[in-house]
Amino acid sequence: MQELFPGTQITIGPNIEDGFFYDIAPQTPLSLEDLPKIEARMREIVDSDAALVREEWARDAAIAHFKSIGEHYKAEIISDLPEGEPISVYRTGDWLDLCRGPHMPSTGKVGKAFKLLKLAGAYWRGDHTNAMLQRIYGTAWRTEEELAAYLHRVEEAEKRDHRRIGKAMDLFHIQEEGKGMIFWHPKGWTLYRTMLAYMRRRIEAVGYVEVKTPQILEQSFWEKSGHWEKFHDSMFVCETDEGEVMAVKPMNCPCHVQIFNHGQRSYRDLPIRMAEFEGLHRCESSGSTHGLLRVRQMSQDDAHIFCADAQIVEESKAFIELLNSVYADFGVELHSVKLALRPDKRFGTDAQWTIAEDQLEEAAHLAGIEVERIANEGAFYGPKLEFHLRDAIGRTWQCGTLQLDYVLPERLDASYIAEDGQKHRPVMLHRAICGSMERFIGVLIEHFAGAFPLWLAPVQVTVATITSDADAYARDVVSQLRAAGLRAEIDVRNEKINYKIREHSLAKVPIIAVVGRKEAEQRTIALRRLGGDAQSILALDDACAVLTKEALAPDEARRAKPDHPA
RNA sequence: GCCGCCAUAGCUCAGCUGGUAGAGCACCUGAUUUGUAAUCAGGGGGUCGGGGGUUCGAGUCCCUCUGGCGGCACCA
C-alpha cells in the first residue's frame with residue numbers, strides 16, 4: 001500500500017469470518033479501480049517469499065519510530081497498549097509493522113487464493129467523531145478451489161436477497177419519496193396478514209389481550225415518557241395549524257401505560273399482557289435503511305407485560321419458550337441471544353439496572369438459553385435480551401426482544417394495589433417475538449428463498465388449464481378451493497401447459513393444479529408440487545380436503561389433532 | 001450522517017475514447033387449443049433519476065440534489 005500510494009498510513013487489519021479487512025488512511029481516497037493494482041502487488045510479495053521476522057521493541061522506541069515515519073495511528077495504538085505488554089514488530093525486508101502476531105514465517109506461505117472484494121468507510125476506533133478511514137475487505141483461502149467455492153456461495157446467497165425476491169414475486173416495493181417505507185402489494189400483504197393472524201392466535205392462546213392506541217400524540221406526552229429527551233432524533237415530529245407540536249409514535253410502550261393507568265389495578269389483575277400491532281415510525285438515519293430489514297415504518301408484534309416483581313422470572317421464561325415455539329413453527333433458527341447491558345444514555349438507578357440485568361440473565365438460564373453479554377447496548381429504560389437471526393449473506397438482525405423496565409412505570413406513575421393494601425409499582429416487560437414484522441418477513445423470504453411453506457404462501461394453488469375446453473371446470477375448481485379456505489388463483493391464458501408450469505414454478509407457487517379435458521370429465525385435478533415433477537390425481541372433493549388440512553398453520557395443525565392440544 | 005460504488009423501457013441489462021438510444025423477458029394484437037419448466041408472427045413503449053454546467057453537439061465529461069448498494073456510525 002505504502003509503495004503504491006506513498007503517504008498512506010496503515011492502522012488495523014484483523015482477520016474476520018471468511019477473510020480480513022485493513023483500515024488505512026490514504027492521502028487521496030482509493031477507488032475500486034485501485035484494488036486490482038493492490039492485488040497484483042500482493043501477489044508479487046507472495047512470490048518474493050520474504051521472511052517475516054518478529055522483533056520486540058521498547059515502547060518509547062516503537063512510538064518514536066512510528067511517529068518519525070508519519071504513522072500516527074500506529075503510534076497511538078502503542079501508546080494505548082497496557083504497560084508491560086510486549087510490543088512486537090514484524091520486519092519484512094526494511095518494512096516494519098506493529099502487530100501482535102503471530103505471523104507465518106514468510107510471505108510465500110500465504111498463497112494466492114485471496115481476493116480483494118470491496119472498499120468501505122470505517123471510523124477510526126469505531127467512533128464517528130474520529131476521522132473516517134478507508135477499509136479494504138478481502139477474502140483468503142487455502143486453495144483456489146476454496147476461494148472459487150466461497151465466491152460461488154456468496155453469489156448464490158445474493159439470489160436469496162429479499163429485495164430481489166420481493167420484486168420478482170410482486171410482494172412489495174419502496175419508492176424514492178418514502179425511504180424506508182414499504183408499499184405492500186396484494187401478495188406481500190397476504191403473507192403479512194397470514195403471519196399476523198398466526199401471531200394473534202399464539203398470544204391469545206397464552207393470555208394476552210390486544211389494544212390499539214393513537215399514532216400521534218403531543219410533545220408533552222413524549223416529554224413525560226422520556227422519549228422526547230432520549231429519542232427525539234428518531235421521531236417524526238409535525239405541527240398543526242394551531243401550533244401544537246405532535247410526534248408520531250416510535251413505540252407503543254407509553255401508550256400501553258396509559259391504558260394500564262386507566263382505573264385502579266389490583267395485584268389480582270397481574271400479569272396484564274397487553275399486545276398491539278399498530279404501525280410505528282422511526283426516523284432512521286439515511287444510511288441505515290435496508291429493504292425490509294431496517295425500515296422507518298413498521299409494525300411490531302409488540303406487547304407489554306405489567307407484572308409484580310415476583311412474576312418477572314416466570315413471565316420471562318414463558319416468553320422465551322413461546323418465542324422458541326414460534327421460531328420453530330416458522331422454521332427459522334436462532335443465531336444468537338445477547339444480553340444488552342446499561343447504556344450511557346439511560347434513566348433509572350444503578351441498583352435498578354443491576355437487578356434488571358440479573359433477572360433477565362436468570363430467566364434466560366431457566367429457559368436453557370446461552371446469552372452473550374454486550375456492554376452499553378441496552379434501551380434507555382432497561383436492559384434487553386436480543387434474539388438474533390441471520391439473513392442470506394450471514395448478517396445478523398435483532399428480531400425478538402425482551403426488555404425489563406422499572407423506569408417507565410415510575411416516570412408515568414403506574415401502580416397497582418398489592419395484598420398489603422398499598423400502592424406498588426408494576427414492572428414492565430417489553431417483548432416482541434418477530435420484532436418488526438417487516439424485518440421478520442425479510443428474514444423469512446431469504447430463509448425460504450421465496451418458496452414458502454404452504455401455510456404461508458401468498459398463492460397456495462394455481463389452477464392451470466391445458467385447453468380452453470377446461471376453462472369452465474377450472475373456474476369451478478378455483479371456487480371450490482377458495483370456499484375451502486385456500487388461496488387459489490386461475491390461469492386460463494392461451495398458453496401451453498409447459499409455459500404455465502414453468503412460470504408458476506418460478507413464481508414459487510407450492511401447488512399447481514392442472515386441469516384438462518380428462519379432469520373436467522372426471523371431476524378430478526392433477527396436483528403438481530413445487531420442487532417435484534410427480535403428479536397425483538385426486539377427486540376434486542378429496543383434493544380440497546387434503547389441501548385444506550395440509551395448509552393449516554402449525555398451531556392449527558396441532559389443535560386439529562385430538563390427542564395433542566395446542 | 002460518513003466513505004466507496006451505482007441509477008438507461010414494467011423487469012434484467014448492453015451502449016468503446018462525447019455524434020442525438022438497443023436486446024431478452026414482460027405487455028398489446030393476431031394465429032395456434034396445446035398433457036407437466038419458455039408456440040409462432042407482428043406491434044406499442046424510454047424528456048437515459050432530478051437540476052445546473054462544459055461543448056457545435058452530452059446517456060457518455062464536470063458540479064449538485066435525490067434515491068439505491070456495500071460498509072462504518074446509529075439501531076428504543
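Residue numbers start from 1 in every chain, and the chains themselves are labelled A, B, ... in the order their sequence lines are given, proteins ahead of strands. All of these numbers come straight from a predicted model, not from anything done at the bench.
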Spacing of [X] atom [atom1] relative to [N] atom [atom2], expressed in whole Å:
{"X": "A:F5", "N": "B:rG4", "atom1": "CZ", "atom2": "P", "value": "14 Å"}
{"X": "A:Y499", "N": "B:rU33", "atom1": "OH", "atom2": "P", "value": "18 Å"}
{"X": "A:D491", "N": "B:rA38", "atom1": "CG", "atom2": "C1'", "value": "13 Å"}
{"X": "A:H227", "N": "B:rC75", "atom1": "NE2", "atom2": "C1'", "value": "14 Å"}
{"X": "A:E495", "N": "B:rA26", "atom1": "CD", "atom2": "C1'", "value": "12 Å"}
{"X": "A:Q398", "N": "B:rC75", "atom1": "CD", "atom2": "P", "value": "11 Å"}
{"X": "A:H173", "N": "B:rC11", "atom1": "NE2", "atom2": "P", "value": "11 Å"}
{"X": "A:E503", "N": "B:rU39", "atom1": "CD", "atom2": "P", "value": "10 Å"}

* **Given A:E210, A:H304, A:E315, the one that forms side chain to side chain donor-acceptor pair (under 3.5 Å) with A:R273** =>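 The passing option is A:E315.
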
Can you tell me how far [atom1] in [N] sits from the matching atom in [M], rounded to whole Å?
{"N": "B:rG30", "M": "B:rC16", "atom1": "P", "result": "40 Å"}
{"N": "B:rC56", "M": "B:rU20", "atom1": "C1'", "result": "13 Å"}
{"N": "B:rC75", "M": "B:rC13", "atom1": "P", "result": "34 Å"}
{"N": "B:rC48", "M": "B:rA9", "atom1": "C1'", "result": "10 Å"}
{"N": "B:rG42", "M": "B:rG35", "atom1": "P", "result": "25 Å"}

* Asked: In terms of side-chain geometry, is the basic nitrogen of A:K159 or A:E156 positioned less than 4.0 Å from the acidic oxygen of its partner?
  ->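 The answer is yes: the pair qualifies as a salt bridge.
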
* Does the distance from a Lys or Arg side-chain N to an Asp or Glu carboxylate O, for A:R164 and A:E158, drop under 4.0 Å? -> no

* A:W184 vs A:W189 aromatic rings, parallel, tilted or perpendicular, using cut-offs 30° and 60°? -> tilted

* Asked: So A:H290 and A:W397, would you call those rings parallel, tilted or perpendicular, with 30° and 60° as cut-offs?
  -> tilted

Need one value for [X]: base, sugar-phosphate or nothing, where a base atom within 4.0 Å counts as base even if backbone is also close, heavy atoms only.
{"X": "A:F21", "value": "nothing"}
{"X": "A:K384", "value": "sugar-phosphate"}
{"X": "A:A464", "value": "nothing"}
{"X": "A:I466", "value": "base"}

* Asked: Do any pairs count as a side-chain hydrogen bond (donor to acceptor under 3.5 Å, both in side chains) and have a residue in residues 507-522 of chain A, sequence neighbours left out, and if so which ones?
  ->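 Qualifying pairs: A:D469-A:R517.
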
* Asked: Which residue pairs satisfy the side-chain hydrogen bond (donor to acceptor under 3.5 Å, both in side chains) criterion with at least one member in residues 523-539 of chain A, sequence neighbours excluded?
  ->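 For residues 523-539 of chain A: A:R529-A:E550.
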
Using a cut-off of strictly less than 4.0 Å between a heavy atom of the residue and any atom of RNA chain B, enumerate the qualifying residues of [range] by number.
{"range": "residues 23-42 of chain A", "answer": "A:P29, A:L30, A:S31, A:L32"}
{"range": "residues 430-439 of chain A", "answer": "none"}
{"range": "residues 509-523 of chain A", "answer": "A:V514, A:G516, A:R517, A:K518, A:E519"}

* Compute the ring centroids of A:F380 and A:H227, then answer whether they are less than 6.0 Å apart. => yes

* **Pairing annotation in dot-bracket form, given for RNA chain B with Watson-Crick or G-U pairs under 3.5 Å and | for cross-strand partners** => (((((((..((((.....[..)))).(((((.......))))).....(((((..]....))))))))))))....

* Are any of A:N498's side-chain N or O atoms less than 4.0 Å away from OP1 or OP2 of B:rA37? -> yes

* Under 4.0 Å: is that the gap between some side-chain N or O of A:K167 and OP1 or OP2 of B:rU12? ->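 Yes.
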
* For A:Y499, which residues count as a ring-ring contact (aromatic ring centres under 6.0 Å, His included) partner, sequence neighbours excluded? ->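 ring-ring contact (aromatic ring centres under 6.0 Å, His included) check on A:Y499 returns nothing, list empty.
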
* What residues, two or more places apart in sequence or in another chain, satisfy ring-ring contact (aromatic ring centres under 6.0 Å, His included) together with A:Y123? -> none

* To do: Would you mind building the protein contact string for nucleotides 64-74 of chain B? One character per nucleotide, 5' to 3', B for base within reach (heavy atoms under 4.0 Å), S for sugar-phosphate only, - for untouched.
  => --BSSSBBBBB

* Any chance you could list the contact pattern along nucleotides 42-47 of chain B? Use B for base contacts, S for sugar-phosphate-only contacts and - for none, protein heavy atoms under 4.0 Å, 5' to 3'. => ------

Could you check whether atom [atom1] of [X] has more than 12 heavy atoms from other residues, nucleotides or ligands sitting under 6.0 Å from it?
{"X": "A:H173", "atom1": "NE2", "value": "yes"}
{"X": "A:K115", "atom1": "NZ", "value": "no"}
{"X": "A:E17", "atom1": "CD", "value": "no"}

* To do: Could you verify whether a donor N or O on one side chain and an acceptor N or O on the other, from A:E377 and A:Q398, lie under 3.5 Å apart?
  =>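 No - no donor-acceptor pair under 3.5 Å links their side chains.
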
* To do: Indicate whether any N or O donor in one side chain lies under 3.5 Å from an N or O acceptor in the other, for A:R125 and A:T11.
  => no

* To do: Walk me through it: do A:M181 and A:H281 pass the test side-chain contact (heavy atoms from CB on, under 4.5 Å)?
  => CA-CA 9 Å; A:M181 310 279 190; A:H281 290 75; 4.3 Å; yes

* To do: Return each pair, listed once, that meets salt bridge (Lys or Arg N to Asp or Glu O under 4.0 Å) where at least one residue sits in residues 276-294 of chain A; pairs must be two or more places apart or across chains.
  =>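 Listed once each, the pairs are A:K212-A:E278, A:K249-A:E276, A:E284-A:R294.
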
* To do: Give every residue pair that meets the salt bridge (Lys or Arg N to Asp or Glu O under 4.0 Å) criterion with at least one member in residues 399-414 of chain A, sequence neighbours excluded.
  =>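 Matches after skipping sequence neighbours: A:D413-A:R425.
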
* Asked: From A:D301 CG over to A:Y208 OH, what is the distance, rounded to the nearest 0.5 angstrom?
  -> 9.0 Å

* Tell me, do A:E438 and A:F172 make a side-chain contact under 4.5 Å, heavy atoms counted? ->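 They are not in side-chain contact.
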
* Structure fact -> The answer to which of A:C253 and A:L506 contacts RNA chain B further toward the 5' end, by nearest nucleotide, is A:L506

* To do: Assign each of A:L530 and A:Q403 to its nearest nucleotide of RNA chain B by heavy atoms, then name whichever residue's nucleotide is nearer the 5' end.
  =>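 First, find each residue's nearest nucleotide; the 5'-ward one identifies A:L530.
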
